[in-house]
S.K.: 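Structure provided below as structure tokens; questions to follow.
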Amino acid sequence: MLLIDLARTSAAVAADSARLAKIRHLADLLSRVEPHEAEIAVAYLSGELPQRQIGVGYASLRELPDPRQIASATLTEVDDLLSRIKAQAGPGSQAARKELVAQLFRSLTRQEQSFLLRLLGGELRQGALNGVMIEAVAKASGVPAAEVRRALTLRGWLPAVGAAALVGGVEALRSFHLEVGRPVAPMLAQSAPNLPAALLKLGGPGALEWKLDGIRVQTHRSGDRVRVFTRTLDDITAQVPELVEAALGLHADDLVLDGEVIAVRPDGRPEPFQVTAGRVASKLDVERLRETTPLRVFFFDALRVHGKDMLDLPDAERHAALEQAVPSDLLIPRLVTADPDEAATFYSDALRRGHEGIVAKSLTTPYAAGRRGAGWIKVKPRHTLDLVVLAAEWGHGRRQGKLSNLHLGARDPETGGFVMLGKTFKGLTDDLLNWQTEHFLTLATGPSDEWVVPLRPELVVEIAFDGVQRSPRYPGGMALRFARVLRYRPDKPPTEADTIETVRSLLL
DNA sequence: TTCCGACAGTGGGGTCGCAAT
DNA sequence: ATTGCGACCCCACTATCGGAA
């Protein structure tokens with residue numbers, strides 16, 4: 001099959017807003033693909049590469065060679081070149097990758113170049129990724145979508161699952177099982193604004209667990225072999241020896257557990273997320289790091305214990321098996337209660353000990369791998385500040401032509417100026433985007449055709465955020481975590497905006 | 001007919017490792 | 001030594017479609 005066929009399909013998918021039409025376009029192409037190119041086609045049209053990453057991003061695609069006129073590149077040819085690009089390493093590798101990228105793009109027409117540029121840049125922008133592709137694979141292969149979904153949660157990689165369905169049908173999908181050593185898509189949580197709302201959403205008796213601000217870890221053990229995977233199914237076994245040892249210390253030797261690792265201080269309190277993330281990301285001299293920045297693991301779910309798969313069992317049964325297999329000092333604190341007061345006490349205790357919040361869990365839901373199911377509801381405290389908009393950036397994609405990303409500043413009473421604390425583009429409705437684009441242009445103090453438009457610091461905006469963290473990037477040495485817009489405060493003059501001291505008092 | 005779950009899109013801050021400067 | 005880049009960790013929120021109620 002030719003790359004141009006995929007590029008045309010992608011354009012058709014982007015042109016139709018209806019999901020069912022997108023599915024039709026994708027299924028139509030998939031039903032024509034040769035078996036040996038099925039995985040490539042599923043990957044490209046869902047925004048993935050069979051190689052996963054190849055070390056090429058938008059920055060290395062800034063200048064491209066002229067396109068050719070006649071399309072002739074096959075999927076196999078493109079895939080081979082991407083593999084060669086990925087294989088480059090060591091001194092001279094950047095130049096070698098650049099030359100191979102140029103060679104690849106020289107062989108493509110304008111439409112193919114545009115498609116591959118978006119694919120490699122990680123922004124396909126055709127309104128279809130995994131979710132739509134699952135349906136398209138089902139349609140093209142004549143297999144129920146539920147079978148595709150089930151196989152995907154167990155395999156975690158749609159190109160492989162899609163190719164299996166297209167080539168081998170439902171029998172091929174049935175051969176996917178929970179396999180120790182191969183990660184499963186982790187279950188995700190929905191969120192609620194506060195504890196009563198979370199309990200209401202749960203609808204019945206539930207369990208509360210601490211929510212730790214660390215790294216999600218799916219731990220597999222078969223005999224004396226242990227593998228640890230992150231939320232995106234990357235293998236971090238080598239970076240977390242404490243966890244490997246903890247898993248080997250358990251008496252069950254055929255298991256898959258879900259949990260969180262955090263770096264802890266000598267007094268047992270959690271380190272800030274930045275410290276945990278740095279520790280887990282670091283691959284050099286792990287033995288030294290574990291002395292200076294030790295990790296602790298807290299398990300909260302069991303997908304398999306003593307060789308028995310538990311994904312489909314209710315939470316309460318999985319947790320009972322977890323308690324059997326894991327000593328209490330490796331378990332996340334948990335309270336089963338229907339009493340709102342007890343729940344509130346548990347929540348405030350978790351916060352007092354420095355944790356991020358709690359997760360409320362239904363006792364009856366199965367482990368919904370890969371889904372953001374209503375069985376888990378997270379609750380975190382929310383802070384707000386009134387800040388001043390210092391500048392705005394032009395948006396991309398569906399926000400093209402709109403001033404989107406806000407630069408936020410707190411008042412500095414010493415100088416009478418403002419100190420930037422970060423940016424946000426979240427929480428804006430389309431109406432608000434339109435209004436702010438128009439209004440900001442009247443406040444601009446610089447050219448409005450630059451990417452960043454500086455503004456007179458006159459508009460106050462109420463911002464919600466999760467916390468203040470240390471920042472090497474901003475002048476105040478602090479930045480807001482997960483900042484989002486709540487509302488504009490045209491009634492409030494910038495002289496009454498919150499001060500940098502107020503922000504500093506929130507930095508732990 | 002209305003409601004709501006799932007999905008895609010738009011990006012945020014931080015850290016590490018690696019190659020190039 | 002410093003810088004640029006890619007990859008990955010954490011993530012919130014809105015708009016939209018289409019099946020469920």
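In what follows, chains are A, B, ... by sequence order, proteins preceding strands, each numbered from 1. What you are looking at is a predicted structure, and each value in this text was computed from that prediction instead of being measured.
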S.K.: At less than 4.0 Å, is any side-chain N or O atom of Lys201(A) found next to OP1 or OP2 of dC4(B)? Yes or no.
M.R.: no
S.K.: Separation of Asp234(A) atom CG from dC10(C) atom C1', in whole Å?
M.R.: 14 Å
S.K.: So what does Leu124(A) touch, heavy atoms closer than 4.0 Å: a base, only the sugar-phosphate, or nothing?
M.R.: nothing
S.K.: Between Gln239(A) (CD) and dC16(B) (P), how many Å, whole number?
M.R.: 12 Å
S.K.: Starting at atom NZ of Lys402(A), determine the distance to atom C1' of dC13(C), rounded to an integer number of angstrom.
M.R.: 18 Å
S.K.: Between Phe229(A) and Arg216(A), is there a cation-pi geometry (under 6.0 Å to ring centre, at most 45° from the normal)?
M.R.: no
S.K.: Under 6.0 Å from the ring centre and within 45 degrees of the ring axis: does the NZ or CZ of Arg399(A) meet both conditions for the six-membered ring of Trp394(A)?
M.R.: no
S.K.: Which nucleotide in the set dA6(B), dG9(B), dG13(B) lies at the smallest distance from any side-chain heavy atom of Gln190(A)?
M.R.: dA6(B)
S.K.: Report yes if a side-chain nitrogen or oxygen of Arg97(A) is closer than 4.0 Å to either non-bridging phosphate oxygen (OP1 or OP2) of dG6(C); otherwise report no.
M.R.: no
S.K.: Without swapping roles, check the side chain of Thr293(A) against the backbone of Arg290(A) for a donor-acceptor pair under 3.5 Å.
M.R.: no
S.K.: Would you check if the side chain of Gln51(A) reaches a backbone N or O of Asp79(A) as a donor-acceptor pair within less than 3.5 Å?
M.R.: yes
S.K.: Think Asn405(A) has a side-chain N or O under 4.0 angstrom from the OP1 or OP2 of dT10(B)?
M.R.: no
S.K.: From the options dG13(B), dG11(B), dG6(C), select the nucleotide whose nearest atom is closest to the side chain of Ser60(A).
M.R.: dG6(C)
S.K.: For Lys378(A), does its backbone N or O pair with a side-chain atom of Ser191(A) as donor and acceptor, under 3.5 Å?
M.R.: no
S.K.: Over all strands shown, is Arg62(A) touching base, sugar-phosphate only, or nothing at heavy-atom distances under 4.0 angstrom?
M.R.: sugar-phosphate
S.K.: Using a heavy-atom cut-off of 4.0 Å across all strands, would you classify Tyr474(A) as base, sugar-phosphate, or nothing?
M.R.: sugar-phosphate
S.K.: Keeping Arg398(A) on the side-chain end and Arg125(A) on the backbone end, is there a donor-acceptor pair under 3.5 Å?
M.R.: no
S.K.: Side chain of Phe482(A) only, please: which of dG13(B), dG11(B), dA12(C) is the nearest?
M.R.: dA12(C)
S.K.: Below 4.0 angstrom from OP1 or OP2 of dC5(C), is there any side-chain N or O of Gln94(A)?
M.R.: no
S.K.: Expressed as a whole number of angstroms, how long is the span from Arg52(A):CZ to dC8(C):P?
M.R.: 9 Å
S.K.: Whom does dG17(B) pair with, Watson-Crick or G-U wobble, provided both distances fall under 3.5 Å?
M.R.: dC5(C)
S.K.: Under 3.5 Å, side chain of Ser505(A) to main-chain N/O of Thr502(A), donor-acceptor pair present?
M.R.: yes
S.K.: Contact class for Lys380(A) vs. all strands (heavy atom < 4.0 Å): base, sugar-phosphate, or nothing?
M.R.: sugar-phosphate
S.K.: What contact category does Ala277(A) fall into here, base, sugar-phosphate, or nothing, at under 4.0 angstrom with non-hydrogen atoms?
M.R.: nothing
S.K.: Looking at the side chain of Arg473(A), which of dG9(B), dG13(B), dA12(C) is the nearest nucleotide?
M.R.: dG13(B)
S.K.: Is Ala128(A) touching bases, backbone alone, or none of the nucleic acid, heavy atoms closer than 4.0 Å?
M.R.: sugar-phosphate
S.K.: Quick one: which of dG11(B), dC10(C), dA19(B) gets closest to the side chain of Arg231(A)?
M.R.: dC10(C)
S.K.: Does dG6(C) have OP1 or OP2 sitting under 4.0 Å from an N or O in the side chain of Tyr58(A)?
M.R.: no
S.K.: Does Asp466(A) reach a base, just sugar-phosphate, or nothing at all? Heavy atoms under 4.0 Å.
M.R.: nothing
S.K.: To the nearest 0.5 Å, what is the distance between CG on Leu257(A) and NE2 on His220(A)?
M.R.: 9.0 Å
S.K.: Measure NZ/Lys86(A) against P/dC18(B) and give the value in whole Å, please.
M.R.: 14 Å
S.K.: Within residues 13-22 of chain A, which residues have any heavy atom lying less than 4.0 Å from an atom of DNA chain B?
M.R.: Arg19(A)
S.K.: So, do Ile85(A) and Val101(A) sit near enough that their side-chain heavy atoms are less than 4.5 Å apart?
M.R.: yes
S.K.: Just to confirm, is there a sub-4.0 Å distance from OP1 or OP2 of dC11(C) to any side-chain nitrogen or oxygen of Lys211(A)?
M.R.: yes
S.K.: If you find the nucleotide of DNA chain B closest to Met133(A) and the one closest to Gln274(A), which residue's nucleotide is nearer the 5' end?
M.R.: Met133(A)
S.K.: From the list dG17(B), dC7(B), dG13(B), which nucleotide is the closest neighbour of the side chain of Val132(A)?
M.R.: dC7(B)
S.K.: Would you kindly give the CZ-to-C1' distance between Phe425(A) and dG9(B), to the nearest whole Å?
M.R.: 10 Å
S.K.: Starting at CG of Leu188(A) and ending at P of dA8(B), how long is that distance when rounded to a whole Å?
M.R.: 14 Å
S.K.: Before you tell me yes or no, could you show the steps for Gln436(A) and Tyr488(A) under side chain to side chain donor-acceptor pair (under 3.5 Å), namely the whole-Å CA-CA distance, both residues' side-chain angles and the distance that decides it to 0.1 Å?
M.R.: CA-CA 10 Å; Gln436(A) 75 179 26; Tyr488(A) 280 108; 2.6 Å; yes
S.K.: Separation of Arg279(A) atom CZ from dG17(B) atom P, in whole Å?
M.R.: 12 Å
S.K.: With a non-hydrogen cut-off below 4.0 angstrom, is Thr424(A) in contact with a base, only sugar-phosphate, or nothing?
M.R.: nothing
S.K.: Taking only the side-chain heavy atoms of Arg484(A) (C-beta and beyond), determine which of dC13(C), dG17(B), dG13(B) contains the nearest atom.
M.R.: dC13(C)
S.K.: Give the residues of residues 426-439 of chain A touching DNA chain C, defined as any heavy atom closer than 4.0 Å, sorted by residue number.
M.R.: Lys426(A), Gly427(A), Leu428(A), Thr429(A), Asp430(A)
S.K.: Identify which nucleotide among dG12(B), dC11(C), dC7(B) has an atom closest to any side-chain atom of Glu356(A), counting heavy atoms from C-beta outward.
M.R.: dC11(C)
S.K.: Has Lys86(A) got a side-chain atom pairing as donor or acceptor with Gln53(A)'s backbone, closer than 3.5 angstrom?
M.R.: yes
S.K.: Please pick, from dC7(B), dT10(B), dA20(B), the nucleotide with the shortest atom-to-atom distance to any side-chain atom of Pro91(A).
M.R.: dA20(B)
S.K.: 5'-most contact on DNA chain B: Ile134(A) or Glu393(A), nearest heavy atom basis?
M.R.: Ile134(A)
S.K.: Using a cut-off of 4.0 Å on non-hydrogen atoms, how would the nucleic acid contact of Glu123(A) be classed: base, sugar-phosphate, or nothing?
M.R.: nothing
S.K.: Quick one: on DNA chain C, does Arg481(A) or Leu486(A) contact a more 5' nucleotide (nearest heavy atom)?
M.R.: Arg481(A)
S.K.: Measure from the side chain of Pro472(A), starting at C-beta and using heavy atoms only, and say which of dT15(B), dC13(C), dG9(B) lies closest.
M.R.: dT15(B)
S.K.: For dG14(B), take OP1 and OP2 only and decide whether either is under 4.0 Å from a side-chain N or O of Ser471(A).
M.R.: yes
S.K.: Would you call the rings of Trp376(A) and Phe300(A) parallel, tilted or perpendicular if under 30° counts as parallel and over 60° as perpendicular?
M.R.: perpendicular
S.K.: Say whether, by atom type as modelled, one donor and one acceptor occur between the side chain of Ser46(A) and the main chain of Val42(A) under 3.5 angstrom.
M.R.: yes
